[in-house]
Asks: 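Pasting a structure here, questions to come.
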Amino acid sequence: MPELPEVETIRRTLLEKIQNQTIKEIICYHPDVLINQENLSLNDWLIQDIRRRGKYLLFDLTKAEQSTTENNSIVAMIHLRMTGKLLLEDTIVEPAKHTHVRFILNNGGSLDFNDVRRFGRVTMFSAGNEFSDRGYATLGPEPLGDDFTADYLIKICQRFKRSTIKGVLLNQQAIAGIGNIYADESLFRAGIKPDQKAGEISEELLTVLHQKIREVIAEAIGHRGTSFRDYVDGLGNKGFFQLKLAVYQKDGDLCPVCDTTIEKIKVAGRSTHFCPNCQK
DNA sequence: GCCAGCCTGTTG
DNA sequence: CAACAGGCTGGC
């Protein structure tokens, strides 16, 4: 479900509410969803910080009471995949259908990981070991970071020159955090057809695309993400970038720029929306 | 690179 | 009923 702007919005809403609270206990209702390979303690962890990298959320946890014999610093890595949600509850309530992991908080409430399709995961690591996760360790640069430059985009399009440009944007090793919505919207704004081969796009156009990616991601964060079907942030609030979408899920509608009918095709295995007049 | 598979729910 | 859904992995 969520891409970078949604995960970032979740991070911000949760951080404001639960930083410096203690996770008294972690309860797992479905063994596939919580991975605790190192057999780390699941009790009494202070939430120091919540970070985001690409579409991953990282909870930095320290032992509420320091010990010399145990790990005092661990990371809970959460990936929401398609339908994962993190929801704060003020009191202990009956777990909702599809709630698979529950973090019991010291304020009498809980943070619940809920995921209909069960693609998402909560993985516990001792601090530093999160890099043993291949998907995490190989993430490309953050689209809003200093190391995501136009030159970098040009370089990465050379490296994946046989791939479609949309395939490059969706490749988390190339750029971290872009998914189907923001790939389509960035390519629309840059005037690039999603099935163009990455190696056949001019440097000038890739420089425009670089700028449009940053623009779209920043705007979407400003709008607290896109609630197309069921995305909500950590407090259950919807985003409103769906009001700004030009092409995503707009097939059959008219292009906001030129009134041509938006089309839908399959690119890189994903449904892809574009304006056949604006995008070449 | 591509694409089936992982899951359940919703929509046509 | 089949097709599809905001993601990623692993096996060709």
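Here is how names work: the chains are called A, B, and so on, in the same order as the sequence lines, proteins then strands, and each is numbered from 1.
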Asks: Quick one: do the A/E89 and A/S110 side chains pair a donor with an acceptor below 3.5 Å?
Replies: no

Asks: Taking heavy atoms of chain A and a 4.0 Å limit, find me the 5'-most and 3'-most nucleotide of DNA chain B within that range.
Replies: B/dG1 to B/dG9

Asks: Just the atom pairs and distances: protein N or O near nucleotides 10-12 of chain C's N or O, under 3.5 Å.
Replies:
residue: C/dG10; atom: OP2; partner: A/R134; partner atom: NH2; Å: 3.3

Asks: Have A/E219 and A/Y182 got a donor and an acceptor in their side chains that come within less than 3.5 Å?
Replies: no

Asks: Describe the nucleic acid contact of A/K197 in one word from base, sugar-phosphate, nothing, applying a heavy-atom distance below 4.0 Å.
Replies: nothing

Asks: Please list, in numerical order, the residues of residues 114-124 of chain A that have a heavy atom closer than 4.0 Å to any atom of DNA chain B.
Replies: A/V116, A/R117, A/R118, A/F119

Asks: Could you go through the side chain to side chain donor-acceptor pair (under 3.5 Å) check for A/T62 and A/N72 one step at a time?
Replies: CA-CA 5 Å; A/T62 55; A/N72 286 315; over 6 Å; no

Asks: For A/T226, answer base if it contacts any base atom (sugar-phosphate contacts may also be present), sugar-phosphate if it contacts only those atoms, and nothing otherwise; contact means non-hydrogen atoms under 4.0 Å.
Replies: base

Asks: Run the numbers on A/N129 and A/S132 for side chain to side chain donor-acceptor pair (under 3.5 Å), then give the verdict.
Replies: CA-CA 6 Å; A/N129 274 4; A/S132 62; 5.7 Å; no

Asks: So which of residues 238-247 of chain A are in contact with DNA chain B, with a heavy-atom cut-off of under 4.0 Å?
Replies: none

Asks: A/E142 pairs by salt bridge (Lys or Arg N to Asp or Glu O under 4.0 Å) with which of A/R52, A/K55, A/R214?
Replies: A/R52

Asks: Counting only heavy atoms from other residues, nucleotides and ligands, does the tally under 6.0 Å from CG of A/D146 exceed 12?
Replies: no

Asks: To the nearest Å, give me how far apart CZ (A/R270) and P (C/dA5) are.
Replies: 8 Å

Asks: Only pairs at least two apart or in different chains count here, so list each ring-ring contact (aromatic ring centres under 6.0 Å, His included) that has a residue in residues 46-95 of chain A.
Replies: A/Y56-A/H79, A/Y56-A/Y136

Asks: If I take atom CD1 in residue A/I10 and atom P in nucleotide C/dG7, what distance separates them, rounded to the nearest angstrom?
Replies: 13 Å

Asks: Please, what dot-bracket string fits DNA chain B when only Watson-Crick and G-U pairs with both distances under 3.5 Å count, crossing ones use [ ] and pairs to another strand use |?
Replies: ||||||.|||||

Asks: For A/K155, what residues pass the side chain to side chain contact (heavy atoms under 4.5 Å, CB included) criterion, not counting sequence neighbours?
Replies: A/Y152

Asks: Taking atom P of C/dC4 as reference, at what distance in whole Å does atom CZ of A/F228 sit?
Replies: 14 Å

Asks: Looking across every strand, which nucleic acid part, if any, lies under 4.0 Å from A/Y182 by heavy atom: base, sugar-phosphate, or nothing?
Replies: nothing

Asks: Kindly determine whether A/N43 and A/S41 satisfy side chain to side chain donor-acceptor pair (under 3.5 Å), including the steps that lead there.
Replies: CA-CA 6 Å; A/N43 296 91; A/S41 148; 4.7 Å; no

Asks: Please state the P separation for the pair B/dC7 and C/dG11 - nearest whole angstrom.
Replies: 16 Å

Asks: Can you pull out every side-chain hydrogen bond (donor to acceptor under 3.5 Å, both in side chains) where at least one residue sits in residues 15-25 of chain A? Sequence neighbours excluded, please.
Replies: A/Q21-A/N107

Asks: Pick out which of A/D195, A/N180, A/N171 makes a side-chain hydrogen bond (donor to acceptor under 3.5 Å, both in side chains) with A/K166.
Replies: A/N180

Asks: I need the full list of ring-ring contact (aromatic ring centres under 6.0 Å, His included) pairs touching residues 256-280 of chain A, with sequence neighbours left out, sorted by first then second residue.
Replies: A/Y248-A/H273

Asks: Assign A/G269 to base, sugar-phosphate, or nothing according to its heavy-atom contacts below 4.0 angstrom with the strands shown.
Replies: nothing

Asks: Can you list every ring-ring contact (aromatic ring centres under 6.0 Å, His included) pair that touches residues 106-126 of chain A, not counting sequence neighbours?
Replies: none

Asks: Is any side-chain N of the basic residue among A/R224 and A/D233 closer than 4.0 Å to the acidic one's carboxylate O?
Replies: yes

Asks: CG of A/N180 versus C1' of C/dA5: gap in Å, rounded?
Replies: 10 Å

Asks: If you link ILVMFWY side chains whenever their heavy atoms are less than 4.5 Å apart, which other residues fall into the same cluster as A/F240? By chain and number, please.
Replies: A/L243

Asks: Which ILVMFWY residues can you reach from A/V208 by hopping between side chains whose heavy atoms are under 4.5 Å apart?
Replies: none

Asks: Compare side-chain N and O positions of A/Q172 against OP1 and OP2 of C/dG7 and report whether any pair is under 4.0 Å apart.
Replies: no

Asks: What is the distance from CG of A/L139 to P of C/dG7, rounded to the nearest Å?
Replies: 14 Å

